[in-house]
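Below you'll find the structure, written out as structure tokens, and then a few comments.
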Amino acid sequence: MARRKALQVCPTPGCHTLTAHGRCPSCQASASSLRGSARAKGYDSRWERTREAYLRANPYCACGDCMLLPALLRPVATEVNHIDGLGPNGPRGHDWTNLQAMTKACHSRHTAREQPGGWNDRER
């Protein structure tokens with residue numbers, strides 16, 4: 001017989017709705033409407049061209065951990081990180097000296113550490 005997971009309170013401050021996991025549908029919809037689209041943040045066709053060209057020229061992950069591996073063992077990069085953290089709308093958004101090829105896992109880990117509200121807030 002399968003066990004059901006206990007319901008939890010929505011993590012949005014002030015909301016007391018019980019959910020199976022994460023935010024309740026109402027709070028999730030509210031958060032999504034405030035977030036803005038990827039296109040509005042500069043991840044448009046120009047960025048796609050920059051990203052594709054950069055990954056062609058830099059096909060392997062260049063994160064600190066992967067750079068310690070021998071060249072033949074480094075994983076293939078699938079994402080491009082903005083070193084300054086400002087994305088394509090930043091002053092150096094398409095400047096190759098501000099870009100870094102990464103795997104999905106490495107980029108997610110880097111973003112979680114660097115962006116406000118990520119792991120960096122928990123380590124203090």
Side-chain angles (χ1 to χ4, degrees):
M1 177 180 219
R3 298 178 82 179
R4 290 178 44 152
K5 187 175 176 183
L7 295 177
Q8 64 184 27
V9 176
C10 175
T12 305
C15 181
H16 303 291
T17 305
L18 294 177
T19 66
H21 58 84
R23 292 180 176 151
C24 69
S26 175
C27 291
Q28 182 63 41
S30 178
S32 293
S33 68
L34 295 173
R35 186 168 184 207
S37 70
R39 296 277 182 224
K41 295 175 186 176
Y43 295 97
D44 54 14
S45 58
R46 180 178 177 216
W47 168 248
E48 288 300 318
R49 288 190 302 274
T50 300
R51 178 189 170 279
E52 288 173 18
Y54 189 82
L55 287 175
R56 266 195 309 276
N58 302 278
Y60 300 103
C61 186
C63 79
D65 293 337
C66 291
M67 290 299 285
L68 298 174
L69 297 171
L72 293 174
L73 296 179
R74 286 178 38 209
V76 174
T78 56
E79 299 193 9
V80 177
N81 177 53
H82 288 89
I83 296 168
D84 66 6
L86 299 177
N89 282 344
R92 298 175 53 215
H94 295 270
D95 178 354
W96 280 30
T97 62
N98 183 45
L99 303 179
Q100 182 179 26
M102 290 185 167
T103 64
K104 168 72 173 154
C106 293
H107 189 240
S108 294
R109 191 169 38 254
H110 172 79
T111 300
R113 283 191 198 116
E114 299 297 321
Q115 286 190 347
W119 294 341
N120 64 343
D121 287 347
R122 294 180 188 97
E123 293 174 354
R124 292 185 187 149

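This is a predicted model, so every value here is computed, not measured. We number each residue from 1, following the sequence as shown.
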Discussion item. In terms of relative ring orientation, are His82 and Trp47 parallel, tilted or perpendicular, with 30° and 60° separating the classes?
Written reply: tilted

Worksheet item: Between His110 and His107, what is the ring plane arrangement, given parallel below 30°, perpendicular above 60°, and tilted in between?
Response: parallel

Fill in: Trace of the side-chain contact (heavy atoms from CB on, under 4.5 Å) decision for Val9 with Leu18
CA-CA 5 Å; Val9 176; Leu18 294 177; 3.9 Å; yes

So which heavy atom on [X] is nearest to which on [Y], and how close?
X     : Y     : answer
Asn58 : Ala77 : O-CB, 4.3 Å
Cys15 : Cys24 : SG-SG, 3.8 Å
Leu86 : Pro91 : CD1-CD, 3.8 Å
Ala40 : Asn89 : O-ND2, 3.4 Å
Ala53 : Trp96 : O-CH2, 3.6 Å

Checking [X] side chain against [Y] main chain: does a donor-acceptor pair fall under 3.5 Å?
X      : Y      : value
Arg92  : Leu99  : no
Asp84  : Asn98  : no
Ser108 : Lys104 : yes
Gln100 : Ala62  : yes
Arg74  : Leu69  : no

Practice prompt. Give the cluster check for Tyr43 versus Tyr54: same hydrophobic cluster or not, with ILVMFWY residues linked at side-chain heavy-atom distances below 4.5 Å.
Written response: yes

Practice prompt. Verify the cluster assignment for Met102 and Leu55: are they in a single hydrophobic cluster under the rule of side-chain heavy atoms below 4.5 Å apart?
Written response: no

Worksheet item: Are any non-hydrogen side-chain atoms of Pro88 and Lys41 less than 4.5 angstrom apart?
Response: no

